[in-house]
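So the structure is just underneath, and the comments pick up after that.
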Amino acid sequence: MSRILITSAIPYINGIKHLGNLVGSQLPADLYARYCRARGHEVLFLCATDEHGTPAELAAAKANKPIAEFCTEMHDIQATIGAGFGLSFDHFGRSSSPQNRELTQYFAGALADNGLIEEVTEKQVYSHTDGRFLPDRYIEGTCPNCGYEKARGDQCENCTKQLDPTDLINPCSAISGSTDLEVRETKHLYLLQSKLRDKLSAWIDSKTDWPILTTSIARKWLNDGDGLQDRGITRDLDWGVPVKRGTEDWPGMEGKVFYVWFDAPIEYIACAREWQDAGKGTDWESWWRTDKGADDVRYVQFMGKDNVPFHTLSFPATIIGADDNWKLVDYIKSSNYLNYEGGQFSTSQGRGVFQDQALEILPADYWRWWLLSHAPETSDTEFTWETFQTDVNKDLADVLGNFVSRVTKFCRSKFGEEVPAGGELSERGTALIADLQEKLGQYTAHMEAIELRKSAATLRSMWVAGNEFLQSAAPWSVFKTDPEAAAADVRLALNLIRLYAQLSAPFIPEAAARMMADMNTAPGAWPEDLPTVLTALPPGHAFTTPEVLFAKITDEQREDWASRFSGTRD
RNA sequence: GGGCCUGUAGCUCAAUUGGUUAGAGCAGAGCGCUCAUAACGCUUUGGUUGCGGGUUCAAGUCCUGCCGGGCCUACCA
C-alpha cells in the first residue's frame with residue numbers, strides 16, 4: 001500500500017465552469033483517486049476554489065454582491081456541482097480560508113528570511129473611476145504599432161506585439177471605459193525566482209517521465225531570454241491574503257494582498273489542514289512535510305496546460321525557496337483543451353455546455369465516460385453532440401448496459417433471480433477468463449500510467465468480450481438440450497457483471513454502484529486472479545434484475561440540446 | 001516575432017520510440033443470432049500518414065522547407 005496525494009487544479013471562483021474545466025483536471029484527478037483507493041492505497045484527494053484576484057472582484061461587482069458573500073455562494077455552488085459529478089474530494093477547500101492565509105503569510109516570511117524576497121517600487125496605472133490599480137490587460141487603447149483600437153495593455157491582439165500600458169494611445173479602463181487614469185508609484189514584493197533557477201532546472205531535468213507538454217513549458221520559462229524572471233507576488237487589491245511576513249506586519253506593504261498565483265497553489269497545502277480542521281482526518285503534515293512522514297507520499301497534480309508554468313516553476317520556487325521540508329510534486333498530468341462544436345468553450349462568452357446544465361440533462365456517468373474516454377491528452381479534442389450521442393449510446397447503453405440486461409433477464413426467465421447451480425466451466429469460459437486476465441493487466445497498467453483514453457478503451461474491450469462470450473456460448477440455445485451447461489455460462493456471465501462494476505467504478509461510479517447493489521454484492525480487493533474473482537457470486541446467490549442501466553440519448557434530445565446550447569449563456 | 005505541441009480512414013484515436021502488408025472504435029455495406037435497451041456477434045468497404053525535398057538497407061516515426069490547427073509568451077487565472 002502506498003500513500004498518494006492528489007490535487008486537481010483549483011477552479012476559479014468567477015462563475016460556473018464548463019465541461020472543458022472538468023475534463024482538464026478535476027475529472028482525471030477523480031478517476032485516478034478512485035482507482036488508487038480501489039487498489040487499496042491511502043489517498044488524500046484535494047481540491048478547492050481559487051477565490052482571489054481582480055476577476056473575482058469584478059464578477060462580484062457585476063453580481064452586485066460583496067466579494068466575500070459572492071465567493072461563499074459560488075464556492076457552495078461549485079461544491080454542489082462537483083458532488084453532482086461524483087468528484088470524490090476528501091476536502092473541497094477555499095483559498096480564502098484562514099488556514100491558507102496563515103500558510104501564505106508563513107511562506108512569504110520564510111522566503112524573505114532566506115533572502116528570496118525583494119521590495120520593488122514600480123509604476124502602475126491607477127483608475128480613479130474604478131478606484132483601483134488596473135492590471136495591464138485591463139487597460140485598452142490604440143496600438144502604437146498597428147493602430148488597432150482595442151489593444152490591451154500587455155499585448156496587441158491584432159499585431160501580437162508586446163506592449164507596456166504606457167505605450168497605448170488614448171488609454172482607458174477596460175472595466176469602466178474611464179480615461180481618468182494616472183500612473184502611480186507603488187511598492188511590491190518580488191520573489192527572486194532567478195536565484196532558484198539552477199535548482200529548479202535540475203529538478204525539472206530529473207523528471208524524465210513527465211509528459212513533454214509539461215517539461216517543455218517549464219524549460220521554455222527557465223531558458224528563454226535571460227532565464228527565469230523574478231516575479232511580483234503582491235497586488236494593490238482589497239480582496240486577498242493580506243501581506244504579512246509570517247505573523248509580523250510588513251512595513252510599507254499595508255493594504256496590499258498577495259498575488260492570487262502566489263496563494264492559490266499554497267491552498268493545496270492549506271486544504272489538507274482544512275481537511276483536518278473539518279474533522280475529516282488527522283496529521284495533515286504527514287502528507288505535506290517530508291520531515292513528518294511525507295517522504296513516502298507520491299504527489300500527483302492534474303491541470304490544464306495553461307496552469308503548467310505555475311506548477312512547474314512558481315509553486316516549486318515557493319517550496320524550494322522556503323527550504324523547510326515541504327513536499328514537491330512527483331508527477332504532473334497536464335491536459336490540452338476540449339473544444340465545443342468547432343470553437344472553444346468560453347466562460348466569459350457563455351459558449352458551450354456548463355457543468356450545471358450538463359447535470360440537468362443527463363446523469364454524471366454519461367459525461368464522465370465520454371469526457372474521460374475522449375480526454376484531450378495529446379492534443380485538443382472536440383465535443384460534438386452527434387459523437388457524444390453515438391459514443392455514449394454505443395458504449396454505455398449497447399455494450400455495457402445491454403450486457404447486464406440480457407444476462408440478468410435471461411437468467412431470471414430460465415433459472416430465477418439467483419445465480420444458477422450446476423455444470424462446469426466451459427472451454428469458452430476458460431478462454432474468456434484468460435482473455436480478460438490479459439486485458440486486466442493492460443487496464444491496470446494504463447490506469448497506473450494515468451493514460452485515460454487507453455484505460456477507457458481497454459475497459460470497453462472487456463465489456464465487449466462479455467458480449468462475444470455470450471454470443472458464442474448461446475446459453476439460450478444450449479439451455480434446450482443441456483441446461484447445466486447453460487447454467488455454468490450464465491453463472492460466469494453474472495460474475496462478469498460484478499467484475500465490470502468494480503473495474504468500471506472509477507469511470508462511472510453511480511452505475512457501478514447500482515450494478516453492485518443489483519447483484520447484491522460489494523467490491524472486494526482489486527481483482528487479480530480472475531478464475532477466483534469470477535466465482536465470487538456462488539450458486540444460489542440472489543440478485544435483482546436491474547432497471548435499464550443507461551437510457552439511450554434520442555435524436556430528439558440531441559437536436560434539442562444542440563440548439564439549446566448553440567448560443568451563448570447570459 | 002519567439003518557443004513548444006499538433007496534422008494518420010468520413011469521424012475519434014492507435015502504431016511497442018527507425019523494422020514485415022499502418023491498426024482499433026464509430027459511421028457505411030453484407031451475413032448470422034433472437035437472451036437483451038431494434039440490442040449482440042461475424043465478415044467487409046475506407047489511407048500516396050498535410051505537401052515537397054533529404055538521411056537510411058528500411059521513415060507515419062529522424063532532418064529540412066512550405067501549408068494548416070493549437071497553446072504559451074511571465075500583471076487574466
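Residue numbers start from 1 in every chain, and the chains themselves are labelled A, B, ... in the order their sequence lines are given, proteins ahead of strands.
Whole-Å rounding puts the Arg460(A) CZ to A24(B) C1' distance at 10 Å. Put simply, CH2 on Trp385(A) is 22 Å from P on C26(B), counting in whole angstrom units. Rounded to whole Å, atom C1' of A24(B) lies 13 Å from atom CG of Asp395(A). Atom CD of Glu377(A) and atom C1' of C5(B) are 15 Å apart (whole Å). We find that CG of Asp391(A) is positioned 11 Å from C1' of C13(B), with the value rounded to whole Å. Per the geometry, CH2 belonging to Trp370(A) stands 12 Å off C1' belonging to C13(B), to the nearest Å. Per the geometry, CG belonging to Asn339(A) stands 11 Å off C1' belonging to C71(B), to the nearest Å. Protein atom CZ of Arg235(A) is 10 Å distant from nucleotide atom C1' of A74(B), rounded to whole Å.
Listed by first then second residue, pairs satisfying salt bridge (Lys or Arg N to Asp or Glu O under 4.0 Å) with a partner in residues 442-464 of chain A read Arg39(A)-Glu448(A), Glu377(A)-Arg453(A), Asp395(A)-Arg460(A), not counting sequence neighbours. Residue pairs meeting the ring pair (Phe, Tyr, Trp, His ring centres under 6.0 Å) criterion with at least one member in residues 393-417 of chain A, sequence neighbours excluded: Phe403(A)-Tyr500(A), Phe415(A)-Phe479(A). Identified under the salt bridge (Lys or Arg N to Asp or Glu O under 4.0 Å) test for residues 465-475 of chain A, with sequence neighbours left out: none.
As judged by a 4.0 angstrom heavy-atom cut-off over every strand, Arg219(A) is placed among residues making no nucleic acid contact. Here Ser461(A) lies out of heavy-atom contact (under 4.0 Å) with every strand. Within 4.0 Å of Asp50(A), counting heavy atoms only, lie sugar-phosphate atoms of the nucleic acid but no base atom. Residue Gly466(A) is classed as having no contact, given no heavy-atom separation below 4.0 Å to the nucleic acid.
Nucleotides G60(B) and C13(B) have their C1' atoms positioned 14 Å apart, rounded to a whole Å. Nucleotides A59(B) and U20(B) are separated by 11 Å at their P atoms, to the nearest Å. Separating the C1' atom of G28(B) from that of G46(B) is a span of 9 Å, rounded to the nearest Å. Comparing the C1' positions of C31(B) and C67(B) gives a spacing of 45 Å, expressed to the nearest Å. Taking the C1' atoms as reference points, A9(B) lies 14 Å from U44(B), given to the whole Å. A15(B) and G47(B) have their C1' atoms separated by 14 Å, given to the nearest Å. Here, U12(B) and U73(B) have their P atoms 28 Å apart, quoted to the whole Å. Nucleotides G30(B) and C71(B) place their P atoms 43 Å apart, quoted to the nearest Å.
When the ring-ring contact (aromatic ring centres under 6.0 Å, His included) test is applied to Tyr443(A), no partner is found at least two apart in sequence or on another chain. Residues passing the ring-ring contact (aromatic ring centres under 6.0 Å, His included) test with Phe469(A): none are found, sequence neighbours excluded. Residues that satisfy the ring-ring contact (aromatic ring centres under 6.0 Å, His included) test with Trp369(A), not counting sequence neighbours, are Trp463(A), Phe507(A). With sequence neighbours excluded, no residue satisfies ring-ring contact (aromatic ring centres under 6.0 Å, His included) with His188(A). Considering only residues two or more places apart in sequence or on other chains, Ser472(A) meets the side chain to side chain donor-acceptor pair (under 3.5 Å) condition with Arg428(A).
Defined by atom type and a distance below 3.5 Å, a donor-acceptor pair is present between the side-chain atoms of Asp230(A) and Ser194(A). With no hydrogens or angles considered, a side-chain donor-acceptor pair links Lys256(A) and Thr186(A) at under 3.5 Å.
Taking the O4'-C1'-N9-C4 or O4'-C1'-N1-C2 dihedral as appropriate, G30(B) has a value more than 90° from 0 and is therefore anti. For U17(B), the O4'-C1' to base torsion is within 90° of 0; the nucleotide is therefore syn.
For Tyr259(A) and A74(B), the shortest distance from a side-chain N or O to OP1 or OP2 is not below 4.0 Å. Contact check, Arg231(A) against C75(B): a side-chain N or O comes under 4.0 Å of OP1 or OP2. Between Tyr337(A) and the phosphate of C72(B), there is a side-chain N or O to OP1/OP2 separation shorter than 4.0 Å.
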Original post:
Which string of ( ) [ ] | and . matches RNA chain B, if you list each base 5' to 3' and count Watson-Crick or G-U pairs only when both distances are under 3.5 Å?
Top reply: (((((((..((((.....[...)))).(((((.......))))).....(((((..]....))))))))))))....
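Of the candidates A77(B), G3(B), G70(B), the closest approach to any side-chain atom of Lys305(A) belongs to G70(B).
One donor-acceptor pair, N or O on each side, does fall under 3.5 Å between the base of A77(B) and the side chain of Trp261(A). In the interface, the side chain of Glu122(A) is paired with the base of C75(B) through a donor and an acceptor atom under 3.5 Å apart.
Annotation: Glu182(A), atom CD; neighbour count of heavy atoms from other residues, nucleotides and ligands within 6.0 Å is above 12.
A salt bridge is defined here as a Lys NZ or Arg NE, NH1 or NH2 lying under 4.0 Å from an Asp or Glu carboxylate O, and Asp130(A) with Arg132(A) fails to meet this definition. Taking a cutoff of 4.0 Å between a charged side-chain nitrogen and a carboxylate oxygen, Lys552(A) and Asp398(A) qualify as a salt bridge.
Ranked by how close their nearest RNA chain B nucleotide is to the 5' end, Val260(A) and Gln229(A) are led by Gln229(A).
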Write out a two-atom table: protein N or O, nucleotide N or O from nucleotides 7-9 of chain B, distance below 3.5 Å.
none

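Thr49(A) places none of its side-chain heavy atoms less than 4.5 Å from the side chain of Cys71(A). Taking the side chain as every heavy atom from C-beta outward, Trp385(A) and Glu559(A) never approach each other to under 4.5 Å.
Contacts between residues 441-454 of chain A and RNA chain B, defined by a heavy-atom separation under 4.0 Å, are made by Arg453(A), Lys454(A).
In this structure, the side chain of Asp136(A) does not engage the main chain of Pro165(A) through any donor-acceptor pair within 3.5 Å.
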**OP:** Can you check each nucleotide of nucleotides 31-42 of chain B against protein heavy atoms at under 4.0 Å and return B for base, S for sugar-phosphate only, - for none, in 5' to 3' order?
**Re:** -BSSBBB-SBSS
**OP:** Give the C-alpha distance, both sets of side-chain angles, the deciding distance and a yes or no for side chain to side chain contact (heavy atoms under 4.5 Å, CB included) between Ile553(A) and Tyr366(A).
**Re:** CA-CA 10 Å; Ile553(A) 298 169; Tyr366(A) 287 62; 4.2 Å; yes
